[in-house]
Amino acid sequence: MRKFRQLHLWIGLLTSVLILMEAVTGLLLSEPWMMGQTSRSEIRMPAQTQQAAGTATPDRQDPASGSSASSAPAQEGKGNNQGAASSSASGQQGRAMNGSGQQGNSFVGLIHGLHEGRIGSTNVKWLADMTAIGLIVLTITGISLSVQTLRAQSRSRRKRAAA
């Protein structure tokens, strides 16, 4: 029984770190204002947002060599844009396969709606945010309790070894 408790303690500690990362990143993606963003498009396509804002210039000169550095950033930007286009195209294909009219009625449609913060036509984004906050609090306190338990076990072993 003691080995199962130790196994449970270590698995819980390791997976709680992953759950904490999922909850924090999910909350940040759900609420872009927490990162200083104004919309979700700024999060998903940062290269296009920088170009639209005028911060990235594709035809810049390298001051040290005097050569144009437009080929590497242009290719890099092209790769990023193609990736964004292909991911959005695959998302559209996924919706087309499910059928946009049937998506709300199917189990898969319900799951998609929950991850977008809605149940049917009801907006429950606040509920998903509260759940993420709850998971963050629970995992942080769980990690804290696990660390305290491990310290107590370590002290107990040292006392037994010293006696």
Any idea which heavy atoms bring [X] and [Y] closest together, and the distance?
X    : Y    : answer
T139 : I136 : OG1-O, 3.1 Å
L135 : A23  : CB-CB, 4.0 Å
P32  : L29  : CD-O, 4.0 Å

Hydrophobic cluster membership, with links at side-chain heavy-atom distances under 4.5 Å among I/L/V/M/F/W/Y: are [X] and [Y] in one?
X    : Y    : answer
L14  : L150 : no
L28  : M21  : no
M35  : V24  : yes
I140 : L27  : yes
I19  : I143 : no

statement: With R151 as partner, the option from Q148, Q153, R155 fulfilling side chain to side chain contact (heavy atoms under 4.5 Å, CB included) is R155
- prompt: What do you reckon, is CD of E22 surrounded by more than 12 foreign heavy atoms closer than 6.0 Å?
  reply: no
task: Using a cut-off of 6.0 Å, state whether more than 12 heavy atoms not belonging to M34 lie near its atom CE.
output: yes
field: Inter-residue atom distance L13.CG - T149.OG1, 0.5 Å rounding
entry: 10.0 Å
- prompt: Is it true that a side-chain atom of S156 and a backbone atom of A152 form a donor plus acceptor pair closer than 3.5 Å?
  reply: no
- request: Please answer whether the main-chain N or O of G26 pairs with a side-chain N or O of S30 as donor and acceptor at a distance below 3.5 Å.
  value: no
